[in-house]
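Values in this document were obtained by computation on a predicted structure and should not be read as measured data.
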Amino acid sequence: MPVPAFGPAWLFSSLISSAMTNKTKWIIGTAVVLVVLLLLVIFSKNIWNWFSNVLIDVAIYLIVFGAGWLLGRFAGKGSGSGK
């Protein structure tokens with residue numbers, strides 16, 4: 001399979017190559033995890049605010065969907081009418 005000359009696939013294949021030792025891969029992985037954890041700590045308030053806004057939106061969508069489903073399921077079924 002030819003190796004791409006540019007882009008994220010090239011970057012990934014050049015970073016994680018068979019020439020790297022296992023120790024080097026562990027060092028890079030640990031550094032990436034530490035950077036992600038640091039960013040989570042720094043931006044935790046922003047992440048929480050975004051998450052709470054998303055949860056409110058999802059709750060509203062679920063309530064509207066549930067109300068529409070209940071109306072569609074049980075509305076218009078009078079006693080003896082129809083079939």
Show me the donor-acceptor pairs within less than 3.5 Å that the side chains of residues 27-49 make with the rest of the protein, sequence neighbours left out.
residue	atom	partner	partner atom	Å
Thr30	OG1	Trp26	O	2.7
Ser44	OG	Val41	O	3.3
Asn49	ND2	Lys45	O	3.4

Mind checking whether Phe65 and Val58 sit in one hydrophobic cluster, side chains of I, L, V, M, F, W, Y counted as touching below 4.5 Å?
-> no
Identify whether Tyr61 and Val54 are in the same connected component of the hydrophobic contact network (ILVMFWY, side-chain heavy atoms under 4.5 Å).
-> no
